[in-house]
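When reading the values below, keep in mind they use all heavy atoms of this one structure, side chains included, and skip hydrogens, waters and symmetry mates.
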Amino acid sequence: MSAAEGPLVVGVDTSTQSTKALVVDAATGQVVASGQAPHTVSSGAGRESDPRQWWDALCQALRQCGDAAHEAAAVSIGGQQHGLVTLDERGEPVRPALLWNDVRSAPQARRLIEELGGPKAWAERTGSVPGPSFTVTKWAWLAENEPEAVRATRAVRLPHDYLTERLTGQGTTDRGDASGTGWWASGTEAYDEETLAHVGLDPAMLPRVVRPGEVAGTVRDSHDLPFSKGTLVAPGTGDNAAAALGLGLRPGAPVLSLGTSGTVYAVSRRRPADPTGTVAGFADAHGDWLPLACTLNCTLAVDRVAALLGLDREAVEPTGVTLLPYLDGERTPNLPGASGLLHGLRHDTTAGQLLQAAYDGAVHSLLGALDLVLDADADRSVPLLLIGGGARGRAWQETVRRLSGRAVQVPEARELVALGAAAQAAGLLTGEDPAAVARRWNTAAGPVLDAVERDDETLERIAGVLSDAAPLLERSTENR
């Protein structure tokens, strides 16, 4: 391990399929140790994980970091958003967690929107119109389908809350992750009593919302993690808010994240409230807002198409075919029960053209929400920051450039969620805004790919197919 200039901090990213831990020099941003361990997600109708696997994966990842983790002065957890973790009186999971991409609660989402004033009222109250990814809809699904689990529940947590509580022994969350539940009101920045009463959830079962920059607690000594007792624990946050911190985002800078899900977001000084439901009005982790649009199908769906075709993921060819890769249903557009749709197949269509069509369909969904995410006065000439697992793929880069018509910057820093959590932990020690810490670490530095002429023909073709196929896609949603 290289000699560190400043105190060491740990940033954690507990994502859908693995947990990663970075030990970072708070002075320079240098990663001095890292570890990673997997966890499993169920297949079939639902998407569930055992929260105890997240803890085991965290322990494994930290052990891989060696002595550096023991020297850390502060730690913070960034985690997948929306997941419903139900705990019993002993703090043990009542059942596996319902994850963000579990869309079984689509009927409950529609019903809750209708019962509590419609989309506009939801957007004004919570900042978002809840879809089946939101925690409130999952709780409603659980109450309807597994009432015995609800009766056994004494505490409700999000994934990052669960791990933070196991570190500190205290139930806490932050405004960024709480804003994705559907029961946190963005106008008052407090839990919404009307919503909680409507879904039968006692506010006493929810974690305390820790303010930005506040210490959530200290590491207790009742486990075998390689932390010293008394190590400071930051509030943590959801994965997108953590990545925004990791990039040191300033207001108006657009981010396109290519992961299992795809997201577009930007920091804003204005509280968002989109009644169409396309943009989720999330809070960020340091006092501003993080309007965000999310798709369920991104790199995983495109890789699945490549695998079906027996192709390397880069083996694309120019195409006139349209493929809507809604393999897990879709959130943007809101079609939770939809499946993939292919249009324009001919005798001379090649496998490479089909693969490019999958890329085009995935990126089209994200770019369609970008203008809604950005404030009206945002500078449209600044590069798109391209992050996530797909960001270094040439086919992804070229598809985003061609369909956006914008310059694209690819930060060299990896593991931005864990780096953002580390910046949050460092901010506890230095008193700085975590985003300023990340800017000092220069995490957004990376090559800029020049803008090319926007491919309006492809955008219009995909939009036309989507419009024409809407009755079919909506019917599959109703029949799911």
Novice: Charged N to carboxylate O under 4.0 angstrom, Arg95 versus Glu48?
Specialist: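 Yes.
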Novice: Taking atom CZ of Arg313 as the centre, does the number of heavy atoms from other residues, nucleotides or ligands within less than 6.0 Å exceed 12?
Specialist: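 At most 12 heavy atoms, drawn from other residues, nucleotides or ligands, come within 6.0 Å of this atom.
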Novice: Of Thr135, Asn240, Thr263, which meets side chain to side chain donor-acceptor pair (under 3.5 Å) against Gln81?
Specialist: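 One option only clears the test, and that one is Asn240.
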Novice: Is the count of non-hydrogen atoms from other residues, nucleotides or ligands lying under 6.0 Å from His198 atom NE2 greater than 12?
Specialist: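 For His198, atom NE2 is crowded (more than 12 foreign heavy atoms under 6.0 Å).
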Novice: Measure the CD-OG1 distance between Gln53 and Thr14 for me, rounded to the nearest 0.5 Å.
Specialist: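 Rounded to the nearest 0.5 Å, the CD-OG1 separation comes out at 10.5 Å.
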Novice: Decide yes or no on side-chain hydrogen bond (donor to acceptor under 3.5 Å, both in side chains) for Thr319 and Gln356, but give the supporting numbers first.
Specialist: CA-CA 7 Å; Thr319 188; Gln356 181 62 68; over 6 Å; no
Novice: If you draw a 6.0 Å radius around CZ in Arg271, do more than 12 non-hydrogen atoms from other residues or ligands fall strictly inside?
Specialist: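 Atom CZ in Arg271 is crowded, with more than 12 foreign heavy atoms closer than 6.0 Å.
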Novice: Under 3.5 Å, is there a donor-acceptor pair between the Thr278 and Thr276 side chains?
Specialist: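 Checked: Thr278/Thr276 side chains pair up, N/O donor to acceptor below 3.5 Å.
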Novice: If you measure from CG on Asp468 to NE2 on His343, what distance do you get to the nearest 0.5 Å?
Specialist: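 Taking CG in Asp468 and NE2 in His343, the distance rounds to 7.5 Å.
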Novice: With a 4.5 Å cut-off on side-chain heavy atoms, are Tyr326 and Leu466 touching?
Specialist: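 Yes; the side chains approach each other to less than 4.5 Å.
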Novice: Kindly indicate whether the side chain of Trp183, heavy atoms from C-beta on, has any atom under 4.5 Å from the side chain of Glu194.
Specialist: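 Contact flag for Trp183/Glu194 side chains = no.
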Novice: Might you work through the side-chain contact (heavy atoms from CB on, under 4.5 Å) test for Ser18 and Gln36, ending with a clear yes or no?
Specialist: CA-CA 7 Å; Ser18 69; Gln36 179 173 347; 3.3 Å; yes
Novice: His160 side chain to Pro235 main-chain N or O, any donor-acceptor pair under 3.5 Å?
Specialist: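 Yes.
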Novice: Apply side-chain hydrogen bond (donor to acceptor under 3.5 Å, both in side chains) to residues Thr295 and Arg331 and explain how you reach the verdict.
Specialist: CA-CA 5 Å; Thr295 65; Arg331 173 170 164 176; over 6 Å; no
Novice: Using the side-chain contact (heavy atoms from CB on, under 4.5 Å) rule, take Val103 and Asp328 through it: C-alpha gap first, then chi angles, then the decisive distance, then the call.
Specialist: CA-CA 8 Å; Val103 297; Asp328 269 329; over 6 Å; no
Novice: Assess whether atom CD of Glu92 is packed by more than 12 heavy atoms of other residues, nucleotides or ligands within 6.0 Å.
Specialist: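 Result for CD/Glu92: enclosed.
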Novice: Do Pro203 and Tyr191 touch side chain to side chain, with heavy atoms closer than 4.5 Å?
Specialist: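 No, their side chains stay 4.5 Å or more apart.
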Novice: Report the C-alpha distance between Asp177 and Thr237 in whole Å, list the side-chain angles of each, state the deciding distance to 0.1 Å, and finish with yes or no for side-chain hydrogen bond (donor to acceptor under 3.5 Å, both in side chains).
Specialist: CA-CA 5 Å; Asp177 218 0; Thr237 192; over 6 Å; no
Novice: Within this structure, what is the OG1-CD distance for the pair Thr350 and Glu317, rounded to the nearest 0.5 Å?
Specialist: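 The distance works out to 3.5 Å.
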Novice: Side chains of Val85 and Leu98: closer than 4.5 Å at any heavy-atom pair?
Specialist: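 Val85 vs Leu98: side chains apart.
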Novice: Is the distance from the ring center of Tyr359 to that of Trp396 below 6.0 Å?
Specialist: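 When the ring centroids of Tyr359 and Trp396 are compared, they turn out to be within the sub-6.0 Å range.
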Novice: Are Phe282 and His82 near enough that their ring centres are under 6.0 Å apart?
Specialist: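 Close enough - the centres of the two rings lie under 6.0 Å apart.
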Novice: With heavy-atom distances below 4.5 Å as the criterion, would you say the side chains of Trp122 and Leu112 are in contact?
Specialist: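 The answer is yes; the side chains approach within 4.5 Å.
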Novice: Identify the heavy atoms of Leu62 and Ala21 that sit nearest to each other, and give their distance.
Specialist: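 Minimum heavy-atom contact is CD2-CB, 3.9 Å.
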Novice: Verify whether one side chain among Thr458 and Asp360 offers a donor that lies under 3.5 Å from an acceptor in the other.
Specialist: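 Their side chains do not contain a donor-acceptor pair, so the 3.5 Å distance test is not met.
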Novice: Stepwise, does the side-chain contact (heavy atoms from CB on, under 4.5 Å) test hold for Thr86 with Leu84?
Specialist: CA-CA 6 Å; Thr86 51; Leu84 174 65; 4.1 Å; yes
Novice: Would you indicate whether the side-chain heavy atoms of Leu355 and Val302 approach each other to under 4.5 Å?
Specialist: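 Counting from C-beta outward, Val302 and Leu355 do come under 4.5 Å.
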Novice: Could you tell me whether a side-chain N or O of Ser467 sits under 3.5 Å from a main-chain N or O of Gly464, the two making a donor and an acceptor?
Specialist: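 Between the backbone of Gly464 and the side chain of Ser467 there is no qualifying donor-acceptor contact (under 3.5 Å).
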Novice: Crowded around Glu457 CD? As in, over 12 foreign heavy atoms under 6.0 Å?
Specialist: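 For Glu457, atom CD is not crowded (no more than 12 foreign heavy atoms under 6.0 Å).
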Novice: Rounded to the nearest 0.5 Å, how far does SG of Cys298 lie from CG of Leu258?
Specialist: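 Spacing of CG (Leu258) from SG (Cys298) equals 4.5 Å.
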Novice: Step by step, work out the side-chain contact (heavy atoms from CB on, under 4.5 Å) result for Arg47 and Trp100.
Specialist: CA-CA 8 Å; Arg47 295 291 185 272; Trp100 60 273; over 6 Å; no
